[in-house]
Each structure stands twice: as C-alpha cells, then as structure tokens.
Amino acid sequence: MARHLITSAIPYINGIKHLGNLVGSQLPADLFARYQRARGNEVLFLCSTDEHGTPAELAAAKADKPVADYCAEMWAVQAKIAEGFRLSFDHFGRSSSPENHKLTQHFAGRLDDAGLIREVSEKQMFSNADGRFLPDRYIEGTCPNCGFEDARGDQCDNCTKQLDPTDLINPRSTISGSTDLEERETKHLFLCQSQMREKLQAWIDSKTDWPILTTSIANKWLNDGDGLQDRGITRDLDWGVPVMKGDDVWPGMEGKVFYVWFDAPIEYIACSQEWVGAGKGTDWERWWRTDKGADDVTYTQFMGKDNVPFHTLSFPSTILGSGEPWKLVDYIKSFNYLNYDGGQFSTSRGRGVFMDQALEILPADYWRWWLLSHAPESSDSEFTWENFQQSVNKDLADVLGNFVSRVTKFCRSKFGEEVPSGGVCGENENALIAELTTRIRAYEDHMAAMEVRKSAQELRAIWVAGNEYLQNAAPWSTFKEDPETAAMQIRLALNLIRLYAVLSSPFIPDAKDALMAAMQTTDESWPDDVPAALEALAPGHAFTVPDVTFRKITDEEREDWQARFAGTRD
RNA sequence: GGCGGUAUAGCUCAGUUGGUUAGAGCAGCGGAAUCAUAAUCCGCGUGUCCGGGGUUCAAGUCCCUGUACCGCCA
C-alpha cells in the first residue's frame with residue numbers, strides 16, 4: 001500500500017476565496033486525495049488557513065475585532081465552506097497554531113546555526129499616527145515620474161514605474177491617511193537563499209517529470225538577473241510568529257515577527273502535529289521525518305502558479321538548510337489562473353463567484369465537475385455561465401444522470417425493484433467490458449499523473465459507453481421477444497451504476513453517495529477486475545429508483561446568475 | 001520598464017522527442033430509436049494552427065521577428 005502525503009496551498013485568512021482559488025489548489029488536491037484513498041492507499045491530506053501578516057491585521061481592524069478573534073472566526077467560516085465543497089482534508093489547521101509558532105522558531109534557529117541567516121539593517125517608513133512601520137504597498141503618494149496622485153510605494157499604477165516609498169511626493173499611510181511619516185532604521189533577518197542556489201538548481205533539474213509551469217518558474221527565479229536573492233524573513237508587525245531562535249530570545253529582534261511566507265509553508269508540517277493534537281492521528285513524524293518512517297512517503301503539493309517560487313525555492317531552502325531529515329516534496333502540481341467572463345477573478349475587487357455564493361446556488365458536485373473538467377492546467381482558462389450551464393447539463397444531467405434514470409425506471413417497470421436474474425452475456429456485453437477495461441486503465445493513469453482534464457474526459461467517455469451499450473442492446477426491444485436476455489442486459493446496466501459511482505467518487509462525491517444509497521450497497525471496491533465488478537450486484541439484490549441525480553440548469557437561472565454576478569461583491 | 005505565459009474549428013480546449021489527409025467535447029445540420037431528466041445513439045468539420053522570415057527531405061511542433069491578450073516583479 002502506497003503512502004501519499006498531500007497538501008494544498010493554504011488559503012489566506014482575510015475573506016472567502018473565489019472559484020479560481022478553489023480550482024488552483026484545494027479542489028485538485030482533494031481529487032487526488034480521494035482517488036488515492038479509493039485505490040486503497042494511505043493518505044494524509046492537509047490544508048490550513050494562512051493567518052499572519054498585514055492584510056489580516058487590516059481586515060480585523062476593518063471588522064473592528066481583535067486580530068486573533070477575527071482569524072478564529074474566519075477560520076471557522078472557511079472550514080465550513082470547505083466542508084460544503086466536500087474537501088476531504090484529514091485536518092484543516094491554522095498557521096497561527098502554537099505548533100506552527102514553535103516549529104517556525106525551531107527552523108529559524110537551525111538555519112541560523114547553519115550560517116544561513118544574516119542580519120540586515122534597512123530604512124523603512126514609519127507612521128507615527130499608526131504607530132507602526134508600513135509595508136511599501138501601504139504607502140501612497142504622488143508619482144515623481146508621471147505626477148499620478150495615488151501611486152503605491154512599490155509601483156505607480158499609472159505609469160507602471162517601479163518606485164521606492166521614499167521616492168513618493170507627499171507620501172501618506174493608506175491605513176490612516178496620515179502624512180506624518182518618517183524613515184527609520186530597522187533590523188531584519190535574511191535567509192541566505194543565494195547560498196542554496198546550486199543545491200536547489202540540482203534538485204529542480206532532477207525533477208524532469210514536473211509540470212513545465214513549475215520548473216520554468218523555479219528556473220526563472222534561480223537564474224534571473226543576479227540569480228536567487230536572499231530574502232527578508234522578518235517584519236515589524238505584531239501579528240505573527242515572534243522571532244525566536246528555537247526556544248531562546250533573538251537579541252535585537254524583540255517585538256518582530258517572522259514574515260508570513262516563512263511560516264506559512266512550515267504550517268504544512270505543523271498541521272500534521274495539530275492533526276495528532278486533535279486526536280485524529282497518532283504519529284506525524286512517520287509522514288515527515290525520513291529517519292522516522294517517512295522514507296516511503298510520496299509527497300505532492302498543489303498550488304496556483306503565484307505560489308510556485310515559495311514552494312520550489314523558499315520552503316526547500318528552509319527544509320534543506322535545516323540539515324535535518326525532513327521529507328522534501330516529490331511532485332509539485334501547479335495551475336494557471338481561471339478567468340471569469342472575459343476578465344479576472346479578483347478578491348480585492350470582489351469580481352467573480354465566491355465559494356459561499358457558489359454553494360448558495362448549486363450543490364458542490366456541479367462546481368466540482370465543471371471546475372475540474374476545465375482546470376487551467378496548460379494555460380489560463382475561462383469560466384462563462386453559458387459554458388458552465390451547457391457542460392453541467394450535458395455531462396451530469398443528460399449523460400450520467402439520465403443513464404441512471406432510464407436504467408432504474410425501466411427495470412422497475414419490467415422486473416421490479418430488484419436486480420433481475422437470467423440470461424447470458426453475448427457480443428455486446430464483451431465489447432462493452434473490453435472498452436471499459438481500456439478506458440478505466442487510461443483513467444487510472446491520468447489520475448495517477450494528476451492530469452485533471454484528461455481524467456475528466458476519460459470518465460465522461462466511460463459514462464457515454466453505458467448509453468452506447470443501452471442503445472445497442474436495446475433492452476426495451478429485447479424484452480418483447482426475449483425477457484431473459486433483457487434481464488441480463490439490465491442487470492449489467494444496474495451494475496454499471498455502481499461502477500460509475502465508484503469511479504466518479506473523486507469528482508462528484510455526493511452523487512456517489514446518492515447512487516450507492518439507491519443501489520443499496522456499500523461496496524466501493526475499485527474495479528481492478530471489470531467483469532467481476534459488473535457482477536457485484538447479484539440477481540435478487542434490491543435497489544430503489546433514485547430522485548433526479550442532477551437537475552438541469554435552466555436558461556432563466558443562468559441569466560439570473562449572469563446578471564447577479566456581473567458586478568462586484570460588496 | 002524587466003521577465004514569463006498564451007495565441008489551433010462559432011465556444012471550451014487536446015495535439016507526446018518536428019513525420020502520412022490537424023483532433024475531442026459543446027453548439028449547429030441530418031438520421032435512428034422511444035427505456036429515460038425532450039434525456040440517448042449514429043453520421044456530417046477546408047480550420048490563412050496570430051502575421052512575417054528562417055532551419056529542415058519534412059514545422060501547429062524548433063529558431064528569429066512583429067502583433068495581441070494575460071500574469072509576475074517578493
């Protein structure tokens with residue numbers, strides 16, 4: 001039995017994520033986790049919220065709540081929505097957990113011992129009114145280049161010139177609006193990634209089977225300009241992991257916290273400790289420590305392309321630099337962006353469909369199927385309501401749902417609500433079994449390779465094969481002359497329903513439950529042997545005719561949603 | 001500005017290391033069937049593979065260049 005450690009990029013805490021975020025990491029990770037479990041492999045699937053940093057502080061301030069309370073509330077909201085989408089995390093943790101604090105401080109100490117941390121003194125803008133240092137993008141002022149009045153401290157949105165906050169004319173804090181800013185000296189810790197460059201390059205070069213998107217982004221950072229740069233891993237903030245060297249104070253770093261991107265990936269590990277702490281597991285080290293049983297673990301990470309540099313370079317620097325036998329990632333599956341109706345999904349502008357809204361209008365399976373079958377793997381892809389309606393109606397309602405309906409209802413009317421007996425298989429049946437065997441093996445290969453779209457395509461073809469078979473076998477005609485043969489045909493078709501439920505479960509888990517319940521079986525065994533799998537429901541086995549498995553999306557609904565989600569969210 | 005990605009049928013997308021007449025699903029058209037959520041099945045695709053150059057016996061596939069869209073710039 002293979003062992004799979006699977007993590008999804010951890011979503012930021014300050015709000016509800018949109019469908020683009022979902023399809024870029026959590027959803028495909030869930031697909032893979034569910035598939036590996038269905039194959040009988042041991043899986044630990046982890047995700048958390050990413051809670052530290054300025055945006056969380058600001059969101060909390062806007063909500064007029066202490067940041068810790070705000071994060072706790074938002075964690076609960078995100079956890080509930082994740083459940084709504086049937087994301088099957090073994091644990092949904094929090095980067096603000098005590099476990100992550102301790103582990104982050106531990107890694108920092110190890111990196112310092114290894115000579116991979118250096119102190120850098122730099123000047124940064126301090127806002128007297130806000131009583132804090134301001135990150136570049138929280139300072140605005142007039143662009144010295146084009147005169148644009150709302151240029152950000154890092155770049156002018158008007159002329160696109162890159163700026164330093166000190167360049168701005170009449171700089172002001174975007175938090176308070178105050179212009180009472182001054183430059184102050186502050187000390188920060190930098191992770192010496194540049195020292196790790198060759199090691200990282202060799203590691204990336206060895207990953208010849210990774211998506212091009214992943215390796216090309218990594219190589220860009222490794223080789224662009226002067227090569228991989230050292231990176232500040234501390235900030236002058238209150239909300240975060242206090243800078244400590246292991247369990248000891250770090251002289252000169254009092255009152256500072258680690259940068260969110262330093263502690264966030266470490267949460268992958270800490271999450272497994274939280275998992276144990278929550279009583280869901282007993283041993284996290286056998287997943288993470290190659291000296292303690294994790295040497296046979298396959299570790300796969302899922303993320304959007306914006307997260308790739310941190311997972312290919314920063315986090316591996318932390319892991320490798322620690323000098324300890326931590327499990328390093330084996331495969332990084334990265335995704336492009338999903339666009340929304342001709343533009344981008346945007347959290348900050350509230351554009352697109354957000355996870356909570358999606359669940360308000362349709363069950364999770366609809367979204368799961370469309371998003372996964374259109375996952376932006378090779379390039380950015382596009383969500384339109386017309387496409388969504390057409391795909392979902394055709395694939396789920398017409399091809400799969402109607403198959404279930406026609407088979408169960410026909411059986412009920414001719415043989416009653418139990419699997420009929422009699423008849424022997426012939427040419428049609430053998431051809432179907434041959435086709436299914438070929439297709440199921442292809443489906444397995446695509447799923448194992450995390451080829452999401454191709455998997456969906458193959459699964460759909462498997463559903464279509466059932467309709468083709470029915471059309472060829474035509475039990476409604478056979479029944480008139482030869483009820484025995486019709487019984488055999490319909491027995492096979494009823495077994496196809498169970499087979500489809502099992503095969504489809506990674507994509508549409510609720511439908512799987514509904515179909516298994518209708519077939520009155522709990523046999524979810526994978527069809528390693530297709531002929532045997534098609535005899536799982538024996539003659540005499542009782543079943544019920546399920547309610548409509550997937551209702552269709554009407555034109556009125558589509559138009560309604562199109563209008564409702566055309567603007568931006570408050 | 002720098003860097004990266006993308007550009008293939010009306011739509012959403014496949015096209016492996018360059019190799020015969022460029023494919024799938026949807027939509028559209030025609031037919032069959034009537035068990036079913038008017039659901040299914042079969043048949044039908046000449047599309048300057050973004051433009052222009054080049055390498056090659058051979059390029060959607062490699063190189064150069066132009067254009068458009070998108071993203072990133074910690």
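Residue numbering restarts at 1 for every chain, and letters A, B, ... go by the order of the sequence lines. Only a predicted model underlies this, so the values are computations on that prediction, with no experimental measurement involved.
With C1' as the reference atom, B/G5 and B/C50 are 16 Å apart, rounded to whole Å. If you take atom P in B/C49 and the same atom in B/A7, they sit 14 Å apart, rounded to whole Å. Rounded to a whole angstrom, the distance from the C1' atom of B/G10 to that of B/C42 is 23 Å. The gap from the C1' atom of B/G51 to that of B/U8 amounts to 15 Å, rounded to the nearest Å. Separation of the P atoms belonging to B/G18 and B/C64 is 16 Å when rounded to the nearest angstrom. Nucleotides B/C62 and B/U55 place their C1' atoms 8 Å apart, quoted to the nearest Å. Going from the C1' atom of B/C44 to that of B/A24 covers 15 Å, rounded to whole Å. Nucleotides B/A9 and B/C26 place their C1' atoms 12 Å apart, quoted to the nearest Å.
A/F302 and A/F32 have tilted rings, their planes meeting at an angle from 30° to 60° on a 0 to 90° scale.
Checked against B/C26, B/A33, B/A36, the side chain of A/R460 finds its nearest nucleotide in B/C26. The A/F410 side chain lies nearest to B/C35 when the options are B/U40, B/C35, B/C41. Side-chain proximity of A/Q471 to B/C11, B/C35, B/C13: nearest is B/C35. Here the side chain of A/F550 is nearest to one of B/A27, B/U37, B/A36, namely B/U37. In this structure, of B/A24, B/A36, B/A27, it is B/A36 that holds the atom nearest to the side chain of A/N402. Out of B/G15, B/U37, B/U12, the shortest distance to the side chain of A/K454 is found at B/G15. When the nucleotides B/C72, B/U40, B/U12 are ranked by their closest atom to the side chain of A/Y337, B/C72 comes out on top. Listed nucleotides: B/C13, B/U34, B/C41. Nearest to the side chain of A/W476: B/U34. Comparing B/A27, B/U37, B/U40 by their nearest atom to the side chain of A/V548 picks out B/U37. Distances from the side chain of A/S405 to the nucleotides B/A36, B/C41, B/U34 place B/A36 closest.
Side chain of A/Y366 to backbone of A/F550: no donor-acceptor contact under 3.5 angstrom is found.
The pairing partner recorded for B/G10 is B/C26, the criterion being a Watson-Crick or G-U wobble arrangement whose two distances lie under 3.5 angstrom. Base pairing of B/G18: no nucleotide in any strand meets the Watson-Crick or G-U wobble criterion (both distances under 3.5 Å). Nucleotide B/G47 has no partner under the Watson-Crick or G-U criteria, as no pair reaches both atom distances under 3.5 Å. Both distances falling under 3.5 Å, in either a Watson-Crick or a G-U wobble arrangement, occur for no nucleotide opposite B/A36. B/A58 makes up no base pair with any nucleotide shown, lacking Watson-Crick or G-U wobble contacts both under 3.5 Å. The base-pairing partner of B/G4, taking Watson-Crick or G-U wobble contacts with both distances under 3.5 Å, is B/C70.
Between A/E458 and A/K454 there is no salt bridge, since none of the side-chain N atoms of the basic residue sits less than 4.0 Å from a carboxylate O of the acidic one.
Between B/G25 and A/K394, no contact under 4.0 Å exists linking OP1 or OP2 to a side-chain N or O.
For A/W463 and A/W369, the distance between ring centers is under 6.0 angstrom.
Nucleic acid contact class of A/V407 (heavy atoms, under 4.0 Å, all strands): none. At a threshold of 4.0 angstrom between heavy atoms, the contacts of A/F310 with the nucleic acid are absent.
In this structure, A/R551 atom CZ and B/A36 atom P are separated by 22 Å, rounded to whole Å.
In this model, no side-chain donor or acceptor of A/R406 finds a partner on the base of B/A39 within 3.5 Å.
Under the 6.0 Å distance and 45° angle rule, A/K333 does not count as a cation-pi partner of A/Y331.
Legend: residues meeting side-chain hydrogen bond (donor to acceptor under 3.5 Å, both in side chains) with A/Q389, ordered by chain and number and at least two apart, are A/D555, A/R558.
The ring pair (Phe, Tyr, Trp, His ring centres under 6.0 Å) test with A/F383 is passed by exactly one of A/W370, A/W561, A/F565: A/W370.
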